[in-house]
Enquirer: 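Next up is a structure, given as structure tokens.
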There are 2 protein chains.
Amino acid sequence: MFSSFKLTDAEREALNAISTRIHRPAKRRVYTQGEPGNHIYRIRSGAVRLEHHMKDGRNQIFAFLWADDMFGTLEGGMYHTSAITLVDTYLFQISCSALKGLVEVYPRIQALFLQQALDYAKTAERHLLLATCPLVIKRLAGFLLECTRQKDFFDRQSNILTLAMDRKDIADYLGFAIETTSRTLKELEDMGLIQRLSSQRIKIDRDRIGAFV
Amino acid sequence: MFSSFKLTDAEREALNAISTRIHRPAKRRVYTQGEPGNHIYRIRSGAVRLEHHMKDGRNQIFAFLWADDMFGTLEGGMYHTSAITLVDTYLFQISCSALKGLVEVYPRIQALFLQQALDYAKTAERHLLLATCPLVIKRLAGFLLECTRQKDFFDRQSNILTLAMDRKDIADYLGFAIETTSRTLKELEDMGLIQRLSSQRIKIDRDRIGAFV
DNA sequence: CGAGGTTTTGACCCCCTTCAACTTACGTGG
DNA sequence: CCACGTAAGTTGAAGGGGGTCAAAACCTCG
């Protein structure tokens, strides 16, 4: 219901005026869980993972984020996740206080954030559906299928998917052990649903994977 | 950052003007997955579950909702979950089109929805953390602890929790089998963390459960 | 009292975790 | 260019936690 919202030129310019462009190489922290902060971020290009680690040592990845996604929600002035780049990434950094002021002038900008929040919620639901599949092979198959949505990392001509994340990231996202990632990829390959070209490059039979999930 | 937002009297009245009050007994549908619709809902009193069922027969509960929570997000004009009351429930029903018009006049009302969306996203994250615990006993313990947040269903004096949902609901929320719900409740009782007074009423040792999770 | 649904308990089996070893990929320095 | 070291990925074996199937106990309502 709040979808397909577009900013006017004036609104977009005002937003750009309070944004600074920053850059992070692959595998660098944007911020760390528990750290105080007052910036939110928008991905210009690249990819980021949001992870939450708990006292028992478990490390749950909440989401992989891609171009145009926003992140940096604060809880009591502190980040409740860590944000870490997967690949070379360019970001917009926006000060919360400046943003608050801007929203007073251009209240319609809120719709942009509402849209982002709803998108994030929907993504979280899809994530839950994946992570609670009783069989890990279905989790992984569904995950690979989701990855093919990212145009920057999936070539529709050759059906080759480039994984921006490593085996541990996949395991932490889907809630299983790192060894299971390897084993299950092999299983998918044995079933002829995928073909491992290298550890990060995978050729995907989207139709058969789609039918399998 | 967008928390603690309050509507003005005028805004609240305008919102009430387009809301109709409706009532559902326990275990009745508010709407069904796949059904077209153009209403969103806010719980005045009672409780609702949002569930998503898939072709493989699995039934995943996305959330239990309580007083003041909103629900009814549409995807392409259709509900992508079913909403079903757990107990006798009173609701506000708001027409999307009327709401769209209202937002034009009172853009600040969007903040209310933004806040709800962020709350929902945060709840979804906590849900994921629960549902991916490697041991089901930690999932269930954490779930019971979450339930004690709802003042309407937990009495702080006696430490008695009234479960609004049945065993299958809990299983579908946490991603395990219905039998596991029973077995694990028994295990928690054997450990002295809870005491089953009846199938729906449980006395909880919040401190020990909190330490256990 | 009997019927139907919900909850509980038991027995068996399999999927996934854990622990360990091995292989591969990659970058640095000789 | 090769040798080496470290990190990432893969493979194997063993053990256990939770699923499934089946049946019993319990509760509610006609």
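Just so it is clear: chains get the letters A, B, ... in the order the sequence lines come, proteins before strands, and each one is counted from 1. Keep in mind that the numbers below use all heavy atoms, side chains included, and drop hydrogens, waters and symmetry copies.
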Enquirer: Do B:H127 and B:F62 have ring centres separated by under 6.0 Å?
Expert: no
Enquirer: If I take atom CE in residue B:M165 and atom C1' in nucleotide C:dT7, what distance separates them, rounded to the nearest angstrom?
Expert: 16 Å
Enquirer: Provide the full list of side chain to side chain donor-acceptor pair (under 3.5 Å) pairs with a residue in residues 202-213 of chain A, sequence neighbours left out, each pair given once.
Expert: A:T148-A:R206
Enquirer: Please determine whether a side-chain nitrogen or oxygen atom of A:T180 lies at a distance below 4.0 Å from atom OP1 or OP2 of C:dT17.
Expert: yes
Enquirer: What pairs with B:R12 under salt bridge (charged side-chain N to carboxylate O under 4.0 Å, His left out), at least two apart in sequence or on another chain?
Expert: none
Enquirer: Counting only side-chain N and O atoms of B:R183, is one of them less than 4.0 Å from OP1 or OP2 of D:dG19?
Expert: no
Enquirer: Once you measure the plane-to-plane angle for A:F71 and A:Y31, does it fall in the parallel (<30°), tilted (30-60°) or perpendicular (>60°) bin?
Expert: tilted
Enquirer: Quick check: are there more than 12 heavy atoms from other residues, nucleotides or ligands sitting under 6.0 Å from CZ of B:R201?
Expert: no
Enquirer: Establish, with yes or no, whether the OP1 or OP2 oxygen of D:dT11 is under 4.0 angstrom from a side-chain nitrogen or oxygen of A:K186.
Expert: yes
Enquirer: Between A:A117 and B:L118, what is the shortest heavy-atom contact and its length?
Expert: CB-CD2, 3.9 Å
Enquirer: What parts of residues 129-140 of chain A reach DNA chain C, counting only heavy atoms under 4.0 Å away?
Expert: A:P134, A:L135, A:V136
Enquirer: Using the 3.5 Å cut-off, write out each protein N or O paired with an N or O of nucleotides 28-30 of chain D and the distance between them.
Expert:
none

Enquirer: C:dT6, OP1 or OP2 - any side-chain N/O from B:K168 closer than 4.0 Å?
Expert: no
Enquirer: From CG of B:D169 over to C1' of C:dT7, roughly how many Å is that when rounded to an integer?
Expert: 14 Å
Enquirer: Quick one: are A:H53 and A:Q33 in side-chain contact, heavy atoms under 4.5 Å?
Expert: yes
Enquirer: Let me know the distance between CG of A:L188 and C1' of D:dT10, rounded to the nearest Å.
Expert: 15 Å
Enquirer: With rounding to the nearest 0.5 angstrom, report the CD to CG distance, B:Q115 to A:L114.
Expert: 11.5 Å
Enquirer: Hey, does the side chain of B:R24 reach the backbone of B:R29 with a donor-acceptor pair shorter than 3.5 angstrom?
Expert: yes
Enquirer: Distance check needed: D:dG9 P versus A:L197 CG, whole Å only.
Expert: 16 Å
Enquirer: Let me spell it out: for each of B:R167 and A:F176, pick the nucleotide of DNA chain C with the closest heavy atom. Which residue's pick is nearer the 5' end?
Expert: B:R167
Enquirer: Could you give the CG-to-C1' distance, from B:L174 to D:dG19, as a whole number of Å?
Expert: 16 Å
Enquirer: Rounded to the nearest angstrom, tell me the gap between atom CG in A:D172 and atom C1' in D:dA8.
Expert: 14 Å
Enquirer: Report yes or no: is the cationic atom of B:R44 (NZ for Lys, CZ for Arg) closer than 6.0 Å to the six-membered ring centre of B:F92, at no more than 45° off its axis?
Expert: yes
Enquirer: How many Å lie between CD on A:E187 and P on D:dT10, as a whole number?
Expert: 14 Å
Enquirer: With hydrogens left out and only the distance checked, is there a donor-acceptor pair under 3.5 Å joining A:E179's side chain and the base of C:dC16?
Expert: no
Enquirer: For A:D69, enumerate each residue passing the salt bridge (charged side-chain N to carboxylate O under 4.0 Å, His left out) test, keeping only those at least two apart in sequence or located in another chain.
Expert: none
Enquirer: With each end axis built from five pairs of C1' atoms, what bend angle do you get for the helix from C:dC1-D:dG30 to C:dG30-D:dC1? Round to 10°.
Expert: 30°
Enquirer: Would you mind telling me which of C:dT7, D:dT10, C:dT17 lies closest to the side-chain atoms of A:R196?
Expert: D:dT10
Enquirer: For residues A:T81 and A:E51, is any side-chain donor paired with an opposing acceptor at under 3.5 Å?
Expert: no
Enquirer: Under 3.5 Å, is there any donor-acceptor pair linking the side chain of B:Q200 to the base of D:dC27?
Expert: no
Enquirer: Round to the nearest Å and state the distance from A:I178 atom CD1 to D:dT10 atom P.
Expert: 9 Å
